[in-house]
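Data first, discussion second: the structure below is written as structure tokens.
Each chain gets a letter, A, B and so on, in the order the sequences are listed, and its residues count up from 1.
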There are 2 protein chains.
Amino acid sequence: MNFESNISLAVDAIVFAYANSKLQVLLIQPKSGPFQNNWALPGGFVKTNEGLKDAVRRELQEETGIQVDYLEQLYTFGDQVDRDPRTRVVSVAYFALVNPKKLVLKADTDAAKAEWFPLDELPQLAYDHNIIIKVAIDRLKSKIQYQPIGFDLLNKEFVFSELEQLYMTILGHDIDRRNFRKKVLGFGILTETGKFRSEGSGRPAKLYRFNVSKYRALESKGFHFEIK
Amino acid sequence: MNFESNISLAVDAIVFAYANSKLQVLLIQPKSGPFQNNWALPGGFVKTNEGLKDAVRRELQEETGIQVDYLEQLYTFGDQVDRDPRTRVVSVAYFALVNPKKLVLKADTDAAKAEWFPLDELPQLAYDHNIIIKVAIDRLKSKIQYQPIGFDLLNKEFVFSELEQLYMTILGHDIDRRNFRKKVLGFGILTETGKFRSEGSGRPAKLYRFNVSKYRALESKGFHFEIK
DNA sequence: TCATTATTGCGTAATATATACACAAAAGTA
DNA sequence: TACTTTTGTGTATATATTACGCAATAATGA
């Protein structure tokens, strides 16, 4: 059996952040290749002795200096043989979330030019990356409804209106403040910090924290997170 | 940039069928390689100019002679560098369903030895295929709850008790016959054929058919299939 | 052929969940 | 100190889910 392959294996990362009531995607400016005028998802070829997830983490570090808060495999793009005009490349796309602190990109890495783009202002994208982003948005939209991953898009301590805004932005429909609060608090997975935050005018808001261990405990007892 | 790769790309298929109130998985006996004494998932290396899904279909045809009724990408296994003791192999696993007619495997293809195994009687498996199957079961379990893929495991014309049994088997808990029927019929995605089936003793049962176009129409109007 | 057994088909009441909706409290601002 | 902004809270209604028993139809065997 011959193990030589003419297929190159790459990974790409779709990193989402949340700022200004908008979802943001992290893009880089390719230094080389056929798409130097376009922006692209961070990513690159997998090394022979490197796990896929490790490859994503490495590329993200190298190209953007970012360490993500949530990372999961999204989909492997390899049905279209000419995705990359140079050679056959199959790409395993990963889906990542970061909290707002990561929005300021450090320039002190050997990072390529990297920037955040709001979803509704995406530039021309390289390869099939617009399709990949679409798939990632779908995943985010559906997963945020049955897994508590939204908290990874917020600061550790957050205010109810932020959580609510986040869900409205991602799901694309209004949410009743009272019912939302009632439901989420009813889960018993948030801890009051006792602190308040006062942003401009208006009554100061209670700061909450997502309680991972409580969530895990409830989950193992059959609790099922769900927000529609 | 150098495109040579030492990573081989494979596809594997987890094909489920439903028989004797049990889920069955399709396995093959490897002709070569380090696992000739074990059974393995059908699959093989992807050709340079072949889409991933095409590769799965080809391998399934070659190794088992089967054409599946439902096929979707499951997960790409590539975090463990030594999954295959011979060389680095990343495998894109696909998840497939077939109806009961396909349970009789044709011997007239150039198929390797292929057999159906009930999930609770799986033999020793090659590579990390037991893990892959576990992931596939999880997917089936969750997906059958929000997509009408269960019908792909039944004959075109089926009886309510079969559908109910299928769900009980996969979800692993009892279902109230009346509530189940009420709910599913309420969806409006089944068509009565007008025919009946009498299996042994007992009152003959109405034969139904899954109405794909009705489902699509409802879906586009916001209908959301869900069975817990 | 008639009683028995097995399986299907069906409705209603009780409970739980989701939705709709308005006003007071706490801060900043003019 | 009046006005604006934002947060925090409860109740009534509608909807969905669950629990539950009995008659109809066929095969089987005494």
Between atom [atom1] in [X] and atom [atom2] in [N], what is the gap in whole Å?
X        : N      : atom1 : atom2 : value
A:Glu164 : D:dT6  : CD    : C1'   : 11 Å
B:Leu185 : C:dG9  : CG    : P     : 9 Å
A:Glu162 : D:dT6  : CD    : P     : 13 Å
A:Arg203 : C:dA27 : CZ    : C1'   : 10 Å
A:Gln165 : D:dT6  : CD    : C1'   : 13 Å
A:Glu199 : C:dT29 : CD    : C1'   : 16 Å
B:Asp176 : D:dT18 : CG    : P     : 9 Å
B:His173 : D:dT17 : NE2   : P     : 14 Å

From C:dC10, D:dT5, C:dA26, nucleotide with atom closest to A:Ser201 side chain: D:dT5

Please pick, from D:dC20, D:dT25, C:dA26, the nucleotide with the shortest atom-to-atom distance to any side-chain atom of B:Pro204. D:dT25

Rounded to the nearest 0.5 angstrom, the CZ-CZ distance for B:Arg216 and B:Phe223 is 13.5 Å

Working to the nearest 0.5 angstrom, can you tell me the gap between A:Leu23 CG and A:Ile170 CD1? 4.5 Å

C:dA22 base to A:Arg178 side chain: any donor-acceptor pair below 3.5 Å? yes

Any N/O donor-acceptor pair, A:Arg177 side-chain to D:dG8 base, under 3.5 Å: yes

What contact category does B:Lys182 fall into here, base, sugar-phosphate, or nothing, at under 4.0 angstrom with non-hydrogen atoms? base

Modelled atom types, side-chain donor and acceptor of A:Ser21 and A:Thr169, under 3.5 Å: no

Checking A:Arg57 against A:Leu71 for the side chain to side chain contact (heavy atoms under 4.5 Å, CB included) test, could you report, in this order, the C-alpha distance in whole Å, the side-chain angles of both residues, the deciding distance, and whether it holds? CA-CA 9 Å; A:Arg57 290 221 170 85; A:Leu71 185 63; 4.1 Å; yes

Under a 4.0 Å N-O cut-off, is there an ion pair linking B:Glu157 with B:Arg197? no

For B:Lys206 and C:dG9, is the shortest distance between a side-chain N/O and OP1 or OP2 below 4.0 Å? no

Under 4.0 Å from OP1 or OP2 of C:dT8: is there any side-chain N or O of B:Ser161 that close? yes

Between B:Asn179 and B:Val159, who's closer to the 5' end of DNA chain C by nearest nucleotide? B:Val159

On DNA chain D, compare the nucleotides closest to B:Gly200 and A:Leu207; which residue's is nearer the 5' end? A:Leu207

